[in-house]
Protein chains: 2
Amino acid sequence: MILTEKRMSKSELQKILKSFFPNLEEASLDAFMKHASYLKSTKGTKLISEGKRHRYFYLILKGGVKSYYSKESREVCMWFAFKNEVVGTITTYEGLPSKETIELLEDSELIKFNIEKIKELTLTDLSISHLMNGIIIEHTLYLEERLYQLQFMTSKKRYKVLYESTPEIFQEVSLTDIASYLGVTRETLSRIRSK
Amino acid sequence: MILTEKRMSKSELQKILKSFFPNLEEASLDAFMKHASYLKSTKGTKLISEGKRHRYFYLILKGGVKSYYSKESREVCMWFAFKNEVVGTITTYEGLPSKETIELLEDSELIKFNIEKIKELTLTDLSISHLMNGIIIEHTLYLEERLYQLQFMTSKKRYKVLYESTPEIFQEVSLTDIASYLGVTRETLSRIRSK
DNA sequence: GAATTCATTTGACATTTATCACAAAGCCAT
DNA sequence: ATGGCTTTGTGATAAATGTCAAATGAATTC
């Protein structure tokens with residue numbers, strides 16, 4: 001449920017965007033800003049729903065989200081994101097119906113930006129083109145690492161890596177979601193943890 | 001083993017690049033061409049080796065390659081590519097040591113291009129920037145599909161999907177490699193196939 | 001604070017898959 | 001063709017994980 005979608009003061013928005021995208025040129029930032037706005041929303045809100053076309057990407061100012069695929073009432077989490085991260089789906093970027101759902105894990109504050117418009121800007125604006133490139137590449141490196149872990153590591157090892165790299169995640173995300181993310185059932189995760 | 005690395009006639013090279021990159025503008029194509037050359041090489045040659053920095057991406061004119069991670073003498077294939085595909089690793093694109101190895105599955109003919117130089121061109125050339133963007137996005141969509149399959153499908157189903165979508169692959173790639181790609185042992189793949 | 005709901009843990013059992021050992025088949029070079 | 005090499009297939013067993021059912025625990029509502 002969306003609580004507020006307000007027009008933020010120009011300077012405030014600018015400041016936020018600068019902190020997310022420090023390499024973006026001034027003129028590009030102004031152009032970008034025209035398609036961005038502040039949003040506050042409650043836990044459980046779906047920013048992007050599986051099977052639908054969407055127009056927006058988001059910056060997380062406060063709170064967190066999970067991305068998941070669902071099938072026959074089973075949900076498998078693909079990633080989680082928190083404060084200071086950019087979120088969206090590559091299918092949305094491509095103008096396709098999203099395969100994933102992105103849902104708020106808690107009440108959150110966000111900047112949403114119209115990715116359709118931003119993508120149009122990439123046609124003429126090199127700075128924005130590189131920005132988007134960078135975001136996609138970062139995501140790609142992440143996917144490769146995940147694929148590597150799923151194919152090379154045992155579930156115990158994957159749990160260990162997650163626990164050691166981002167222990168905070170266990171405060172924010174349910175064990176059910178973490179289990180699906182690690183590619184095991186809740187029960188198995190529970191047994192792994194009891195050691 | 002590299003058999004030939006010759007300077008191909010300009011018009012021939014141009015024709016090939018055009019067929020791979022039909023949307024590339026004429027001037028951009030000329031710039032691109034300066035960093036591309038023809039290469040013929042034998043089965044088993046490693047275009048990119050795990051742990052090393054590399055400068056090149058490749059277009060496959062004839063033949064095929066496999067990409068794999070290796071660890072403790074175990075190899076896990078991540079993807080295969082054949083005629084008319086562009087190959088490289090995202091880590092190479094980022095100037096990092098590659099995590100994967102790319103190896104020729106058979107004697108192949110290739111165009112290699114200096115991705116460092118091409119990446120420099122993206123700083124000033126929008127057309128090339130979009131070209132590289134597109135290549136990366138395509139790869140990203142592929143990775144997401146693969147991750148989805150690994151997390152949602154049984155090994156039988158993954159085999160079925162592979163067999164039905166690209167049956168040719170069984171002519172080109174050993175069952176050992178396909179098994180690792182599907183995330184099972186050779187023995188398990190053999191048992192799946194005997195049904 | 002009792003009742004309800006949801007998340008997590010535990011146990012018993014079934015299923016899948018890995019592992020190890022070896023046999024069979026295909027391929028290559030002499 | 002013969003002997004060596006690699007790839008693939010099969011069998012027996014063990015290990016890991018899923019499934020189902022129930023118990024416990026934690027959080028939320030009335």
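Note that the structure is a prediction, hence the values are computed from the model and not measured. Just so it is clear, the values below take in all heavy atoms, side chains as well, and ignore hydrogens, waters and symmetry mates. Throughout, protein chains are lettered first and strands after them, A, B, ... in sequence-line order, and every chain is numbered starting at 1.
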>> Strictly below 4.0 Å, N to O, side chains only: are B:Lys43 and B:Asp107 in salt-bridge contact?
In response: no
>> Using a 4.0 Å heavy-atom cut-off to protein, can you give one letter per nucleotide of nucleotides 23-30 of chain C, 5' to 3': B if the base is in contact, S if only the sugar-phosphate is, - if neither?
In response: --------
> Taking the inter-plane angle between the rings of B:His139 and B:Tyr142 on a 0 to 90° scale, is it parallel (under 30°), tilted (30 to 60°) or perpendicular (over 60°)?
Replying inline: parallel
> Does B:Leu162 reach the side chain of B:Phe170, with side-chain heavy atoms less than 4.5 Å apart?
Replying inline: yes
>> Under the ring-ring contact (aromatic ring centres under 6.0 Å, His included) definition, can you give me all pairs with a residue in residues 173-195 of chain A, not counting sequence neighbours?
In response: A:Phe80-A:Tyr181
> Of all of residues 160-180 of chain A, which get a heavy atom below 4.0 angstrom from DNA chain C, listed by number?
Replying inline: A:Ser174, A:Leu175, A:Thr176
> Counting distance only, does the side-chain N/O of A:Ser180 pair as donor-acceptor with the main-chain N or O of A:Cys77 below 3.5 Å?
Replying inline: yes
> Got a sec, which residues hit side-chain hydrogen bond (donor to acceptor under 3.5 Å, both in side chains) with B:Ser70, two or more places apart in sequence or on another chain?
Replying inline: B:Glu50
> Which of residues 185-195 of chain A have a heavy atom under 4.0 Å from DNA chain C?
Replying inline: A:Arg186, A:Glu187, A:Ser190, A:Arg191, A:Ser194
> Taking 5' to 3' order, which nucleotide of DNA chain D is first and which is last to have an atom within less than 4.0 Å of a heavy atom in chain A?
Replying inline: D:dT17 to D:dC20
>> I'd like to check the side chain to side chain contact (heavy atoms under 4.5 Å, CB included) partners of A:Ser19; sequence neighbours left out, ordered by chain and number.
In response: none
> Which ILVMFWY residues can you reach from A:Tyr68 by hopping between side chains whose heavy atoms are under 4.5 Å apart?
Replying inline: none
> Any side chain to side chain donor-acceptor pair (under 3.5 Å) pairs touching residues 157-168 of chain B, not counting sequence neighbours?
Replying inline: B:Tyr159-B:Arg193
Review item, side-chain donor-acceptor pairs of residues 90-98 of chain A, under 3.5 Å, at least two apart:
unit_1	atom_1	unit_2	atom_2	d
A:Thr91	OG1	A:Thr89	OG1	3.3
A:Thr92	OG1	A:Thr89	OG1	2.7
A:Glu94	OE2	A:Lys119	NZ	3.2
A:Ser98	OG	A:Thr89	OG1	3.3
A:Ser98	OG	A:Glu100	N	3.2
A:Ser98	OG	A:Glu100	O	2.8

> Under 4.0 angstrom, heavy atoms only, what part of the nucleic acid is B:Thr154 near: base, sugar-phosphate, or nothing?
Replying inline: nothing
>> Keeping B:Glu138 on the side-chain end and B:Ile135 on the backbone end, is there a donor-acceptor pair under 3.5 Å?
In response: no
> Parallel, tilted or perpendicular: which describes the rings of A:Phe32 and A:Phe21, with under 30° parallel and over 60° perpendicular?
Replying inline: tilted
> A:His35 side chain to A:Ile115 main-chain N or O, any donor-acceptor pair under 3.5 Å?
Replying inline: no
> For DNA chain D, what residues of residues 145-153 of chain B have any heavy atom nearer than 4.0 Å?
Replying inline: none
> Under a 4.0 Å N-O cut-off, is there an ion pair linking A:Lys99 with B:Glu145?
Replying inline: yes
> With sequence neighbours left out, what residues match A:Glu116 under side-chain hydrogen bond (donor to acceptor under 3.5 Å, both in side chains)?
Replying inline: A:Arg55
